[in-house]
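To start, the structure under review is shown below, and the notes come after it.
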Amino acid sequence: MTKKSLITGGAGFIGSHLARRLLEAGREVTVMDNLFTGTKANIYDLMDNPRFTFILHDVTQPFWGQFDEVYNLACPASPIHYQRNPVETIKTSFLGMMNVLELALKTKARVFHTSTSEIYGDPNVHPQPESYWGNVNTIGLRSCYDEGKRAAETLCADYAREYNVDVRMIRIFNTYGPNMHPQDGRVISNFIMQALKNKPITLYGDGSQTRSFQYVDDLVNAIQLFMAMDPKKVKAFFAQKDMGVPVVNVGNPGEYTIKQLAEETLRQLPESRSQITFQPLPKDDPKRRKPDIALAQELLGWTPEVPLREGLSRTIAYFRNAAL
Ligand code: NAD
Ligand code: UDP
């Protein structure tokens, strides 16, 4: 029988890639999205597929359906968007997760949740392993996202322990690629769009803060490998690691300062007349971020394959059209 997958937030950047891959793998795919930051343009080419369905719905409102697996991606991910309506952001993280887990409990669906490196906050441990508990401000501008995602992880852990729901979580580190919204506000899309339009490159702070950037195809590979694993194997692996709950970092450990990223973007767009400009660093902006991916490598036999230079070049090619 054809497996049925539900993707909440499937009209967004990562969700649209995942939807495409699951269709390629022969699944029936339902995307549920309220189009807060996502767009139907990301999934137009899937609409004619008889195995694809789109539902306009807000995950904070309960929903029902019989699915084999539910991928929970609904949540704005860019700081400017998740801070636009912070109460809605934390509600989406918590209530959306709750609704997904309740559905899974009643229908025995397998759950995948997109957690984030933001649960580590402004980390005091570098690189960040899964065993690190993080350094998060509970009342700052980023807290609606960070604490929402932390609470969602807690919900997943408790539904797994208390009700035996088959939950798998990935803590995603900064991921980029085609289908990011041109006005998404995250650094890679900002720099590329600014360079393409000959506008100033907005470097926040002195640009010495670091991030590790993962190309979206590498992330989707890891998601598919994790969700394909036998539940008994997943349980045994995390029990043996004394973790109990299946959660793993997925990212590309190549670490760059944001200034290096700006310079590499301009290097790849030599025709651009843009200049780097320095702007204030947003509050609570993490200073360093780099995943320890040893656990993912052992669990999934996975390793990221697309280096930043290559991924940037593919993303620039996409944004050239988006910029028209
Ligand atoms: P995105 O903003 O492109 O996608 C999020 C999608 O969720 C959008 O389509 C949006 O419309 C939808 N959405 C938001 N609130 C909703 C609601 N209440 N009901 C239904 N749909 C809603 O962002 P993305 O980068 O594709 O992120 C997808 C998921 O991965 C998010 O949960 C994000 O927190 C997580 N994540 C992403 C990154 C990254 O670097 N891209 C890193 C860590 C975690
Ligand atoms: N940043 C920047 N200019 C921009 C957008 C972001 O210098 O136009 C910086 C931001 O301050 C942060 C890093 O780039 O240090 C990554 O920001 P992003 O919003 O992409 O994601 P974050 O990892 O902070 O959630």
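All values below were derived from every heavy atom in this structure, side-chain atoms included, with hydrogens, water molecules and symmetry-related copies excluded. Atoms within each ligand, like the ligands themselves, are counted from 1 in listed order. Throughout, numbering of the chain's residues begins at 1 and tracks the sequence.
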The complete set of ring-ring contact (aromatic ring centres under 6.0 Å, His included) pairs with one or both residues in residues 72-93, sequence neighbours excluded, reads Y82-Y145

Do R289 and Q128 have side-chain atoms, one donor and one acceptor, less than 3.5 Å apart?
-> no

For N190 and K199, which I'm curious about, is there any donor-acceptor pair between the side chains at under 3.5 Å?
no

Distance filter under 4.0 Å, heavy atoms only, around ligand 2 gives P79, E118, R142, N174, G185, R186, V187, N190, F191, T202, L203, Y204, Q209, R211, I258, P282, D285, R289

Note: with side-chain heavy atoms under 4.5 Å as the link, the other cluster members for Y120 come out as I119, V125, Y132, F173

- Y215 and Y176: aromatic ring centres closer than 6.0 Å? yes

Examine the side chains of N135 and D122 and answer whether a donor and an acceptor come within less than 3.5 Å of each other. no

Taken to the nearest 0.5 Å, the spacing of E263 CD from I201 CD1 works out to 11.0 Å

TODO: Verify the distance criterion only: is there a donor paired with an acceptor across the side chains of N72 and T8 at less than 3.5 Å?
DONE: yes

Near ligand 1 (heavy atom, under 4.0 angstrom), the protein residues are G9, A11, G12, F13, I14, D33, N34, L35, F36, T37, G38, H57, D58, V59, L73, A74, C75, P76, A77, T92, T114, S115, T116, Y145, K149, I172, N174, T175, R186

- Query: Under 30°, 30 to 60°, or over 60°: which ring-plane class applies to F63 and H57, parallel, tilted or perpendicular?
  - Reply: perpendicular

